Amino acid sequence: MTSGTAALQERRYRILVTGYAISSYGTFLNVVALSLYVYAVTDRALAVGVFMAVRLAAGFVAGLASAAVLARWSPKGVMFWANVAQAAALLLLVLAPDGFRTGTLFAVSAVVGASGTLFMVTLRSSIPDMVGEGRHTWANSLMVSGRSMAMVAGFASSGVVVSLLGYTAAFLVDMATFLVCALTVLLLPMPMSPARGDEESDDEKGSQGGGQEGEGADGPGRRRVPAALVALGAVPVLGLMVALRGIDALGSSSHNAALPVYSTELDADNPAVFVSVFWCVWALGNVLVQQVLQRYTKRTGRSVGALGFGLGTIAMSGTFILAFAGLPWAVTVLVALLAGAADGLTEVSYTSHLQTLPSPLRTHAFGLSATVENLGFGVGMIVVAAALDVFTPLSVVGVAHGAAIVLALVYVARVLRGRGAQEAGEAQETHEAHEAQEAVPASEAREGKQVEQGEQGKGESGAGPARGGHRDGAEVSGG
């Protein structure tokens, strides 16, 4: 790849990340605006919970279906229409008559949940094709940085936008952000629809990756299930890594649900202060660690891998537990900074590791990951909400993130054991190669001695090669 081509790829990817950051702002603005609007329309807290459940369930299903969708549509087409679908859903909500608002809200929830998941699975699995080899960590860091800053801006401005401009204006702003992202997708040098040959090739690769078991038992229509299972075994400890990601999502649900409760306990008159400060500092730590990762990768040519994901998960879960420990403000701010840095590290290392898979299996792996993450977060929100009525925020967050720490320790031990076995195997191979190299000169010395003896024998008798001498050497000498 020429430097000009690499620069063009990088420039277009930066444009896409800019569009993604803008749409992420709309997504996080959506989280607040839509939840408040659901409560305003229905006047029931249960409806807010059901609204979130529908969104997560749609994301769960979309994660399962993402590989099949990408087998029939190009990544560019999927990302473009995912943004257009979210913009159309919001426009439908704005135009819906009063009597249809409730039903439209839940339809919007499903569309936003499914489209958002499809977009993220497609983006993550397509990054290696967009930026080329050796640029994964840089590309993932840039993506995570944009989303982190968008999250802070979305959460921070949601109250102002809704209060000053109203719900309709908030939804129109959200719609505009998704349309902007769709336009940046159009700039990618990729086809909107795959060629028939490419589609068949991908299907064939998926069936080969799935093995004969899927073909014999379930037929072509069920090949994606065994292929997804093969994806879990294609990279060492990948299955445990995805499971840890799901437990981490459960831990995330615990601190997301507990933060408002804990903030209210700290200051009942101004409960938003602690939440706002915490997330702003968290985002700062996330952005800072991305800068460190990008410089580290550029300087060393290496990326944080599977071990970084495990250690980062331990650090992240530990700092989130400390955030609810009632520490002084200055210490809590430092904890939030470290939590954001650890969260950014795990995101980049996890995504980069899955991107080492070949294209067909990579799509299945990211689809499974999205499914597991949505399941973990959804189940966690239900369990945590019930637990917070009985237990303190510290105990609830401690149990949820404590489970993630335990599994992360098991994961790190597996990774280290695998590395030890690999290093031992490499050392054995090096030792055998060294012995082989030492054996070659000795053999050559013996052969040389035999040749010399053969030449002496021939010189003395003149009758041809000496008995017991090296035939080839003697013949050459005699020629």
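Values in this document were obtained by computation on a predicted structure and should not be read as measured data. Index from 1, following the sequence.
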Do [X] and [Y] have side chains that approach each other closer than 4.5 Å (heavy atoms only, starting at C-beta)?
X	Y	result
Ile247	Val406	no
Leu357	His364	no
Pro393	Glu265	yes
Trp329	Phe274	yes
Val17	Arg14	no
Val372	Arg245	no
Met120	Tyr20	yes
Tyr350	Val242	yes

How are the rings of His255 and Phe320 set relative to one another: parallel (under 30°), tilted (30 to 60°) or perpendicular (over 60°)?
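Geometry flag for Phe320 against His255: parallel rings.
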What's the verdict on side-chain contact (heavy atoms from CB on, under 4.5 Å) for Tyr25 and Ile22, showing C-alpha distance, side-chain angles and the deciding distance?
CA-CA 5 Å; Tyr25 168 78; Ile22 293 172; 5.6 Å; no
To the nearest 0.5 Å, what is the distance between [atom1] on [X] and [atom2] on [Y]?
X	Y	atom1	atom2	result
Gln290	Leu293	CD	CG	5.5 Å
Gln291	Asn286	CD	CG	10.5 Å
Ser252	His401	OG	NE2	5.5 Å
Thr264	Leu259	OG1	CG	10.5 Å
Asp343	Thr346	CG	OG1	4.5 Å

Is it the case that the side chain of [X] and the backbone of [Y] share a donor-acceptor pair, with hydrogens and angles ignored and the cut-off at 3.5 Å?
X	Y	answer
Arg55	Phe51	no
Ser253	Leu250	yes
Ser254	Gly251	yes
Thr363	Ala67	no

Can you list the residues that meet the side-chain contact (heavy atoms from CB on, under 4.5 Å) rule with Val289, with sequence neighbours excluded?
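For Val289, the residues satisfying side-chain contact (heavy atoms from CB on, under 4.5 Å) (neighbours in sequence not counted) are Ala341.
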Donor-acceptor pair between Tyr411 and Thr313 side chains, under 3.5 angstrom:
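No donor-acceptor contact under 3.5 Å links the two side chains.
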With a 3.5 Å cut-off and no angle check, do the side chains of Gln355 and Asn140 form a donor-acceptor pair?
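Asn140 and Gln355 do have a side-chain donor-acceptor pair below 3.5 Å.
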Shortest non-hydrogen contact between [X] and [Y], atoms and distance:
X	Y	answer
Ile321	Gly402	CD1-N, 4.1 Å
Leu56	Gly378	CD1-CA, 3.4 Å
Ile405	Gly318	CD1-N, 3.9 Å
Leu70	Pro75	CD2-CA, 4.1 Å

Give the table of side-chain donor-acceptor pairs shorter than 3.5 Å for residues 165-188, with sequence neighbours excluded, one pair per line with atom names and distance.
unit_1, atom_1, unit_2, atom_2, d
Thr177, OG1, Asp174, O, 2.6
Thr184, OG1, Cys181, O, 2.6

Pairs touching residues 97-122 that satisfy side chain to side chain donor-acceptor pair (under 3.5 Å), sequence neighbours left out
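Checked against side chain to side chain donor-acceptor pair (under 3.5 Å) - neighbours excluded - the pairs reaching residues 97-122 are Tyr37-Arg101.
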I'd like to know whether the aromatic ring centres of Trp138 and Tyr13 sit less than 6.0 Å apart in this structure.
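Centroid distance Trp138-Tyr13: below 6.0 Å, so yes.
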